[in-house]
Amino acid sequence: MEKIQSVKGTRDFYPEEMAVRNWLFDGWQAASLRNGFVEYDSPIFEYLQLYTAKSGDEIAGQLFSLTDRGGRELAIRPETTPSLARMVNQRINSLPRPVKWFSISRLCRAERPQKGRLREFFQWNTDIISDSAYEYADADCIYTAVDYLRSVGLIKDDIIVKISSRAMLAELLKSQGFVDEQLGTVYSLLDKQPKIPPDKFTAMAEEQIPDADLRERLMRLQSVGSIGELIEFAPESVQKSIYPLETLFHILGKMGISDYCGFDINIVRGLAYYTGMVFEIFDRRSQLRAVCGGGRYDNLLAGLGGPSVPAVGFGMGDVVLEILLREKNLLDSAKNHLDFFIVYDDYKIFEDKGLSLVNSLREKGFSTAFDYRRTSAMARQLKMASSQAARFAVILGQETIDSDEITLKNMADGSQKRIAIKDFLKETDKYEFQRRPL
RNA sequence: GUGGGAGUAGCUCAGCUGGUUAGAGCACCAGGUUGUGGUCCUGGGGGUCGCGGGUUCGAAUCCCGUCUCUCACCCCA
């Protein structure tokens, strides 16, 4: 029998990797909740049409689809937003606004895997559906993403939120003489520019925009590096569409995260459904893909047969994020730990006093383990405690057990003390690493 | 879909101008240690050298095919 390996672009989560994944998810969930989002989930497969309706038939080649026994064309979800739109549409008249929902979902895309990009991955999605396109919602959305990244130790020197606006960009380009049919071409040029060398970009621009004068205007646009410069640069007709962006930056400043944010005209994002503000978050130094991307899509619900309702949201994948956090050595706390390891030199004493202690600690929610072999040397047992990353060893020895005392050893610094079992159990109520209260 | 790189122990890799029984470090198991872990020392288990074919007295090593992984391009929700 041939050995069967895991499928291309998928990952096995051994306990070590699972600890990292759970730690990421915990952080995502905590950030969502403290920013006022509530959690939802959708099925792992949907009708294929849910994805082709908005993105066209080409999308079908990039996702895993199947036909069920009833002849239904289905697809494993490659993203969450269409499902969200479907769910919200179904209850649009009974949901209190704003709808602030988040989800952590497992997604699959039939792509060629490469660095930061797999065929199965997880994505944290948050979406806000409000009554009108308030800049407060845009800001709250960006703030939530930054809030999470900040909470895991990424500082303003590590990451940058690059912000722009589709609506503003369209107005700006038109004011420079571009016509509607050219916008798509220019979007893709702007998107590519930071990723390719200047001479290659020039060649590409010459090919796609034959008019030298237009090309010159596009080059000048790209020198606009801040919202202030943009206001100065843009003609009167565009000012009105800059105003929401200007307001957004003002709000982000008041929320205390302007150090993380900057205007960037090269941010357009690929997906067609964005209508207003768009943003992406990058590591300032590395060549990694965007850690997070999102924006405003005011007609997404309408595209699926619902009402026209303004919405803003973002997605953050686990793959690039993990690479980034690993580069910055910020995954130290994402490890499996044991709270207590009980060590004994005589199994009779362990059975007499130790097993009930195990029960007491576990009842309190502490992870607790011990050696099954009965006759192991204490050195061995402490070795086990170390390899299981126990915070404390509880030593039950003949020297102390007659007076109902144990020796509590802090495995991190080696310090230890004698303490009565009764007092030890009382003391554990104060331990802050107690993670699963009953 | 296009192009580059790589497949040898669980992991990272050495060995490759063909030549004893295929190696190291890490990890794992055990001993050194009958009240104290992480270090150190000793020993052990673990490999059809991705798979198939060819050349040869002899192939991990050379040739052909094939599969897989990986990186980049395309695309990127």
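Side-chain atoms are counted along with the backbone in the values below, which use heavy atoms only and exclude waters and symmetry mates. Sequence lines set the chain letters: A, B, ... in the order given, protein chains first and strands last, and positions in each chain run from 1.
The partner of B:rG18 is absent, by the rule that a Watson-Crick or G-U pair needs both atom distances under 3.5 Å. Across all strands shown, B:rU34 has no partner, as no Watson-Crick or G-U wobble contact with both distances under 3.5 Å is found. Nucleotide B:rG44 forms a Watson-Crick or G-U wobble pair with B:rC28, both donor-acceptor distances falling under 3.5 Å. Base pairing annotation: B:rG1 forms a Watson-Crick or G-U wobble pair with B:rC73, both donor-acceptor distances under 3.5 Å. Taking a pair to require two hydrogen-bonding distances under 3.5 Å in either a Watson-Crick or a G-U wobble arrangement, B:rA6 pairs with B:rU68. Base pairing annotation: B:rU56 forms no Watson-Crick or G-U wobble pair, as no partner gives both donor-acceptor distances under 3.5 Å.
The base of B:rU36 is paired with the side chain of A:Gln416 by a donor and an acceptor separated by under 3.5 Å. Between the base of B:rA77 and the side chain of A:Gln123 there is no donor-acceptor pair shorter than 3.5 Å.
Across all strands shown, A:Ala379 has heavy atoms under 4.0 Å from base atoms, whether or not it also approaches the sugar-phosphate. A:Gln381 comes within 4.0 angstrom of no nucleic acid atom, judged by non-hydrogen atoms across all strands. Contact annotation for A:Lys8: backbone-only contact, meaning every heavy-atom pair under 4.0 Å involves sugar-phosphate atoms and none involves a base. Among the heavy atoms of the strands lying under 4.0 Å from A:Thr407 is at least one base atom, whether or not backbone atoms are also near. When heavy atoms are screened at a 4.0 angstrom cut-off, A:Ser188 is found touching no nucleic acid atom at all.
Taking atom P in both B:rU33 and B:rU42, one finds a spacing of 15 Å when rounded to whole Å. One C1' atom belongs to B:rU8, the other to B:rG23, and the distance between them is 10 Å to the nearest Å.
Closest to the side chain of A:Tyr273, out of B:rG35, B:rC74, B:rA77, is B:rA77. Picking from B:rC71, B:rG38, B:rC76 the nucleotide with the shortest atom distance to the side chain of A:Lys383 gives B:rG38.
For A:Arg374 and A:Tyr344, the positive end is not near the middle of the six-membered ring at less than 6.0 Å and at most 45° from its axis. Judged by a 6.0 Å distance limit and a 45° cone about the ring axis, A:Lys100 is positioned over the six-membered ring of A:Phe37. Annotation: cation-pi geometry not satisfied between A:Lys162 and A:Phe263 (NZ/CZ under 6.0 angstrom from ring centroid, within 45° of ring axis). A cation-pi arrangement is present between A:Arg21 and A:Phe13 under the rule of less than 6.0 angstrom and at most 45 degrees off the ring axis.
For A:Phe314 and A:Trp124, the ring centers sit closer than 6.0 Å to each other.
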Tabulate atom names and distances for all N/O pairs under 3.5 angstrom spanning the protein and nucleotides 2-5 of chain B.
| from | atom 1 | to | atom 2 | distance (Å) |
| --- | --- | --- | --- | --- |
| B:rU2 | O4 | A:Arg112 | NH2 | 2.7 |

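In this structure, A:Phe392 CZ and A:Ser415 OG are separated by 7.5 Å, a value rounded to the nearest 0.5 Å.
Between the side chain of A:Arg77 and the backbone N or O of A:Ser42 there is at least one donor-acceptor pair closer than 3.5 Å.
Mapping A:Asp191 and A:Thr400 onto RNA chain B by nearest heavy atom places A:Thr400 closer to the 5' end of the strand.
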